[in-house]
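Notes to accompany the following structure.
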Amino acid sequence: MKIIVCVKQVPDTSGKVAVNPDGTLNRASMQTITNPDDMNAVEAALKLKDATGCKVMVVTMGPPPAAGMLRELMAMGADEGVLVSAREFGGSDTYATSQILAAAISTIGVEEDDIVMCGRQAIDGDTAQVGPQIAEKLHLPQVTYAADITKDGNTITVKRMLEDGYMTIKVKTPCLLTCIKELNEPRYMSIDGIYATYNKPLETFDYEKLKDHPLIDATTIGLKGSPTNIFKSFTPPQKGAGKMLEGAGKETCEELASILAAKHII
Ligand SMILES: Cc1cc2nc3c(=O)[nH]c(=O)nc-3n(C[C@H](O)[C@H](O)[C@H](O)COP(=O)(O)OP(=O)(O)OC[C@H]3O[C@@H](n4cnc5c(N)ncnc54)[C@H](O)[C@@H]3O)c2cc1C
């Protein structure tokens with residue numbers, strides 16, 4: 001059994017967010033982190049590894065420096081890393097990204113008792129589309145918003161978080177799960193893990209490696225293979241501080257009415 005976890009390197013939006021004059025993110029000037037939901041997916045995989053001894057692989061599509069993120073995840077306990085990286089893959093939208101990741105995952109091979117895990121959502125692109133799209137392309141059953149995962153043989157029981165409650169679903173492997181932060185608290189890298197990571201395999205899947213896969217051709221990858229494009233990108237104007245009115249008496253109501261009338265709301 002193995003667990004393949006898709007992880008994305010994203011700009012750290014908790015710091016200063018730099019925006020180019022054309023409205024796109026200035027990624028080069030920002031620190032990068034592992035997408036937070038993906039850390040929960042890695043931790044969930046490592047917990048299953050602790051319980052079953054299975055193999056955990058981390059896979060990312062990104063530029064060459066994303067290999068450093070994979071090494072950090074291997075220092076947490078992942079066994080192998082795959083960096084999917086090629087100029088031909090640049091400019092991919094979610095459709096093309098999931099096409100390439102699905103090709104990479106099927107090249108690794110998904111067997112009867114395997115699980116593919118993703119974060120629910122990336123904090124930069126923010127679409128939550130890539131996990132479900134990979135599942136569709138690999139013809140895998142999927143369960144999204146996993147807040148608890150237990151495994152019994154080839155049956156996975158997933159507690160899904162909904163807006164106003166939970167839903168419990170049983171799914172057979174092989175399957176794809178998308179993970180949320182309520183699932184767990186990701187562990188830190190260990191000193192032993194850091195030493196061990198440089199003996200663990202980290203492979204790069206470039207265009208040559210994937211080009212003959214049925215999911216890959218010029219019409220399905222990169223900018224040309226992306227059915228969506230960014231029409232406009234902008235930072236919404238900052239809202240001014242609101243005005244609080246104290247009390248519920250006649251005077252306060254009159255003041256509220258006059259403010260709303262001045263703004264032509266009433
Ligand atoms: C027209 C267009 C052009 C774009 N061009 C670029 C570009 O040139 N460079 C660029 O960086 N982005 C580009 N993007 C953004 C890029 O498409 C998205 O970042 C990417 O498809 C993932 O979508 P998301 O961030 O919404 O992920 P979500 O769907 O929110 O992610 C869900 C989960 O999927 C997995 N996942 C998502 N992306 C990856 C990944 N790359 N590797 C491994 N796992 C992943 C993770 O587990 C993640 O938690 C472009 C988008 C569009 C629409």
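Atoms within a ligand are numbered from 1 in the order they appear, just like the ligands themselves. Scope of the values below: all heavy atoms of this structure, side chains included, with no hydrogens, waters or symmetry mates.
- Applying side-chain hydrogen bond (donor to acceptor under 3.5 Å, both in side chains) to Glu80 and the options Lys200, Lys55, Lys2 leaves one that passes, Lys55.
- Considering only non-hydrogen protein atoms, atom 19 (O) of ligand 1 sits nearest to Lys8 NZ, 2.5 Å.
- For the pair Thr32/Met69, no side-chain contact is recorded, criterion being any heavy-atom separation below 4.5 Å from C-beta on.
- Look at Asp37 and you'll find every heavy atom at least 4.0 Å from all atoms of ligand 1.
- Of all the heavy atoms of Thr127, the ones lying under 4.0 Å from any atom of ligand 1 are found in both the backbone and the side chain.
- Relative to atom 8 (O) of ligand 1, the option among Gly119, Gly222, Gly91 with the closest non-hydrogen atom is Gly91.
- Applying the 6.0 Å contact sphere to OH of Tyr145 captures no more than 12 heavy atoms from other residues, nucleotides or ligands.
- Other residues, nucleotides and ligands contribute over 12 non-hydrogen atoms within 6.0 Å of the CD atom of Glu254.
- Remark: among candidates Ala66, Gly62, Pro36, Ala128, the nearest residue to atom 28 (P) of ligand 1 is Ala128, based on non-hydrogen atoms.
- Ligand 1 has no N or O atom lying under 3.5 Å from any N or O atom of Leu101, backbone or side chain.
- The side-chain heavy atoms of Ile105 and Cys6, taken from C-beta on, include a pair separated by under 4.5 Å.
- Of all heavy-atom pairs spanning Ala96 and Ser226, the tightest one is CB-OG, 3.8 Å.
- With a heavy-atom cut-off of 4.0 Å, Val7 touches ligand 1 through its backbone alone.
- Ranked by closest heavy atom to atom 48 (C) of ligand 1, the top entry among Asp38, Thr34, Val59, Val130 is Asp38.
- Residues in residues 146-170 take part in no salt bridge (charged side-chain N to carboxylate O under 4.0 Å, His left out) pair, two or more places apart or across chains.
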Which pairs of donor and acceptor atoms, one on a side chain in residues 34-44, lie under 3.5 Å apart (sequence neighbours left out)?
from	atom 1	to	atom 2	distance (Å)
Asn35	OD1	Ile123	N	2.9
Asn35	ND2	Asp38	OD1	2.9
Asn35	ND2	Gln121	O	2.9
Asp37	OD2	Gln121	N	3.3
Asp38	OD1	Gly119	N	3.3
Asp38	OD2	Lys8	N	2.7
Asn40	ND2	Asn184	O	3.0
Asn40	ND2	Asn184	OD1	3.0
Glu43	OE1	Arg187	N	2.9
Glu43	OE1	Arg187	NE	2.8
Glu43	OE2	Lys47	NZ	3.2
Glu43	OE2	Arg187	NE	3.3
Glu43	OE2	Arg187	NH2	3.0

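- An N or O contact shorter than 3.5 Å links Ser92 to ligand 1 by distance.
- Considering Gln99, Gln9, Met61 only, the shortest heavy-atom separation from atom 40 (C) of ligand 1 involves Met61.
- Residue-to-ligand polar distances place Ala122 within reach of ligand 1: an N/O pair is separated by less than 3.5 Å.
- For ligand 1, none of its N or O atoms has an N or O atom of Asn229 under 3.5 Å away.
- Residue-level proximity to ligand 1 for Ser226 is absent, since no heavy atom of it falls below 4.0 angstrom.
- Salt bridge absent: Lys211 and Glu88 never bring a charged side-chain N and a carboxylate O closer than 4.0 Å.
- Backbone and side-chain nitrogen or oxygen atoms of Thr97 are examined, and one is located within less than 3.5 angstrom of a nitrogen or oxygen of ligand 1.
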